[in-house]
Participant: 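This is the structure I want to talk about, given as structure tokens.
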There are 2 protein chains.
Amino acid sequence: MAKSYKQIPLHLNISEQIHQQIISGDYLPGAKLPSESKLIEQWQVSRITIRRAIANLVQQGLVATHQGKGAFVTQKRKVIYTLSNPLTFLEDDLANQGIELSLKNITFEPVTPPKEVQAILQLPLDNPTAYLQKKILLTDQEPGCVDITYILPEIGYQLESELKQNMTFPILELHNWKIERVKAIIECTNANLELSEYLDVPLGHPLLVYRHTAYTHNRPVVHGKSISRGDRFCYSVNQVETAFQQNQD
Amino acid sequence: MAKSYKQIPLHLNISEQIHQQIISGDYLPGAKLPSESKLIEQWQVSRITIRRAIANLVQQGLVATHQGKGAFVTQKRKVIYTLSNPLTFLEDDLANQGIELSLKNITFEPVTPPKEVQAILQLPLDNPTAYLQKKILLTDQEPGCVDITYILPEIGYQLESELKQNMTFPILELHNWKIERVKAIIECTNANLELSEYLDVPLGHPLLVYRHTAYTHNRPVVHGKSISRGDRFCYSVNQVETAFQQNQD
DNA sequence: ATTTAAAACTTGTTATAACAAGTGAAGTCA
DNA sequence: TGACTTCACTTGTTATAACAAGTTTTAAAT
């Protein structure tokens, strides 16, 4: 029979207690939690409740489950993106942290972008075409970031082969498209189906989004977003008082 | 009887289709989805599957549920934090966007901070005390951000009443603690129990974290984190080429 | 007419049950 | 020995059922 419940649901109670056990070191990072059947035995509740409790922990990023294997405490060492000069944005940064960076191209094709993107890139109304590139950044062989970028057609056509194998900004820099300004928005979301497959994370996993537009001679050249695993990445900012007077516009 | 399932689970199929309906405008922001019983009728599946499908949408931030009322499509208009001068960090920023800012103090007390914080604030080893402040920032009367900050004891003692009612940085500035540099990390997580109560969001809701340390004359004065609702806030950055040569250190 | 109480919605929690499917170890056959 | 199969163990999906608890509408009582 279904039992009554008061203020705090059972599944929450259980997940909070396991949470405490993880924090206190009863389960170290990488360790395997007891199997569902053992937890059912231990807590004397139904499987649905245990599963809900574990789902809570997964949602909080403390635990990751693998079908057929078990539930494991996640170990988080975050990769730091430094928000200073956009050109050194990634490669040097990651190299300094001893992280191997590789790249996998998913899509590279001319498309008609959505209205907002057409406006941002100032595409001609009679032929609003741009190259759409999707690529996955792998850090230490694991997918960590999806990059979805719209590129001006002349650039995309000219640099296709290089853009497919390298980071965008350095390649532009190499070919006389000097990036002088980047406007960016940092936000967070949860993984949808497409992203969860690209990044190998469960649906709803927290993700960091870096939406950017890069300018050369006050002309937008690329616009897109980089979506990183929130459990593995973060952004670093240095705000200096003097920057206030200098970058006023 | 339980039916077989192939690659794509039913609940995912359903949530993706509802997702499409939301995107295509069948359900506008703020609109109410059909009730669970109607969706069960519509899709000819069990309640547990419909609930799982809706849970997926909630997890992705597309839908919010209210017991006794229903499930509603969320309407997102994000508040923008500009990462330029830390002093104007919030108040001016939000005022420009026509957003009313108010503040609710939760905690203000002297504590012995954790080891990492002691080191960052360079507290004396024989008496490692600092003020711990927790406050909630409300934008347009709704809780949007939790601020958890450790403050040097002399500052906390002197400015207690003012810090309880105002933003931290402007108050410090007013009293000869000129903030010259802020080191910050931006990351994202999902809401745990404490944060979900403070911010009035479901467990696992995506959150933006701004971890910062502020310096006066190369001395750390405050260290803490601001945790904002990921569905309502984002950070804006302007990366300018010239900034590279100037802020080298 | 206003207030109160009941009823009819809604979503939230929990239990039991069965089958699907990934993983790894033990055992079988060549 | 080596490749294959089988089995036991794991988590994943779905169904049915009952009760808890907010919310709104309706009906009753004053």
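Hydrogens, waters and symmetry mates play no part in the numbers below; they use all other heavy atoms, side chains included.
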Participant: Whole Å only: how far is the NZ atom of B/Lys32 from the P atom of C/dC9?
Facilitator: 12 Å
Participant: Mind running a 4.0 Å heavy-atom check of residues 190-197 of chain B against DNA chain D and sending the residues that fall below it, in number order?
Facilitator: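 None - not one residue of the stretch has a heavy atom sitting under 4.0 Å from the strand.
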Participant: Between A/Arg47 and A/Leu12, which is nearer to the 5' end of DNA chain C once each is assigned its nearest nucleotide?
Facilitator: A/Leu12
Participant: Of all the heavy-atom pairs spanning A/His11 and A/Thr49, show the shortest one and how long it is.
Facilitator: CB-O, 3.7 Å
Participant: Does a donor on one side chain sit under 3.5 Å from an acceptor on the other, for B/Gln60 and B/Asn56?
Facilitator: no
Participant: Would you say B/Thr49 reaches D/dT13's phosphate, i.e. side-chain N/O to OP1/OP2 under 4.0 Å?
Facilitator: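 No, outside the criterion.
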Participant: Mind listing the closest non-hydrogen atom pair of A/Ser228 and A/Tyr235 along with its distance?
Facilitator: OG-OH, 4.3 Å
Participant: Is any side-chain N of the basic residue among B/Arg232 and B/Glu142 closer than 4.0 Å to the acidic one's carboxylate O?
Facilitator: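 Here B/Arg232 pairs with B/Glu142 in a salt bridge, since their nearest N and O are under 4.0 Å apart.
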Participant: What pair of heavy atoms forms the shortest contact from A/Thr112 to A/Gln118, and how long is it?
Facilitator: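 Taking every non-hydrogen atom into account, CG2-NE2, 3.7 Å.
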Participant: Out of D/dG12, C/dA15, D/dT14, which has the shortest distance to the side chain of A/Glu36?
Facilitator: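 Ranking D/dG12, C/dA15, D/dT14 by closest atom to the A/Glu36 side chain puts D/dG12 first.
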Participant: Would you mind reading off the distance between A/Leu10 atom CG and D/dA18 atom P, rounded to a whole angstrom?
Facilitator: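 These atoms are roughly 21 Å apart.
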Participant: What nitrogen or oxygen pairs link the protein and nucleotides 3-9 of chain D at under 3.5 Å?
Facilitator:
none

Participant: Grab the CD-P distance between B/Gln67 and C/dT11 for me, whole Å please.
Facilitator: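 Rounded to the whole Å, the gap is 10 Å.
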Participant: Regarding B/Asp147 and B/Gln133, is there a side-chain donor-to-acceptor distance under 3.5 Å anywhere?
Facilitator: no
Participant: Identify, with sequence neighbours excluded, every residue that meets ring-ring contact (aromatic ring centres under 6.0 Å, His included) alongside B/Phe108.
Facilitator: B/Tyr131
Participant: Determine whether more than 12 heavy atoms belonging to other residues, nucleotides or ligands lie under 6.0 Å from atom NZ of B/Lys32.
Facilitator: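 Result for NZ/B/Lys32: enclosed.
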Participant: So, is B/Thr65 close to the C/dG12 phosphate, meaning a side-chain N or O under 4.0 Å from OP1 or OP2?
Facilitator: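 For C/dG12, OP1/OP2 do have a side-chain N/O of B/Thr65 under 4.0 Å.
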Participant: Could you list the residues that satisfy salt bridge (Lys or Arg N to Asp or Glu O under 4.0 Å) with B/Glu160, not counting sequence neighbours?
Facilitator: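 Checked B/Glu160 against salt bridge (Lys or Arg N to Asp or Glu O under 4.0 Å); matches are B/Lys164.
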Participant: What is the distance, rounded to the nearest whole Å, between atom CG of A/Asn13 and atom P of C/dG12?
Facilitator: 19 Å
Participant: When you measure from every atom of DNA chain C, which of residues 51-58 of chain B have a heavy atom less than 4.0 Å away?
Facilitator: B/Arg51
Participant: Which residue lies toward the 5' end of DNA chain C, A/Lys69 or A/Ser46, if each is placed at its nearest nucleotide?
Facilitator: A/Ser46
Participant: Could you work out, with side-chain contact (heavy atoms from CB on, under 4.5 Å) as the rule, every residue matching A/Gln165, not counting sequence neighbours?
Facilitator: none
Participant: How close or far is atom P of D/dT16 from atom CD1 of B/Ile40, stated in whole angstroms?
Facilitator: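 About 10 Å, once rounded to whole Å.
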Participant: Taking only side-chain nitrogens and oxygens of A/His66, does any of them come within less than 4.0 Å of OP1 or OP2 of C/dT23?
Facilitator: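 Checking C/dT23 against A/His66, no side-chain N or O comes under 4.0 Å of OP1 or OP2.
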Participant: Nearest heavy-atom pair of A/Gly144 and A/Leu199: which atoms, and what distance?
Facilitator: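 That closest heavy-atom pairing would be C-CD2, 3.6 Å.
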Participant: For A/Ser196 versus A/Leu203, what's the shortest heavy-atom pair and its separation?
Facilitator: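 Between these two residues, the closest heavy atoms are CB-N, 4.1 Å.
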Participant: Output the single nucleotide from D/dA15, C/dT10, C/dG22 whose closest atom is nearest the side chain of B/Ile48.
Facilitator: D/dA15
Participant: To the nearest angstrom, how far is A/Ile50 atom CD1 from D/dT10 atom P?
Facilitator: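 Computing the A/Ile50:CD1 to D/dT10:P distance gives 14 Å.
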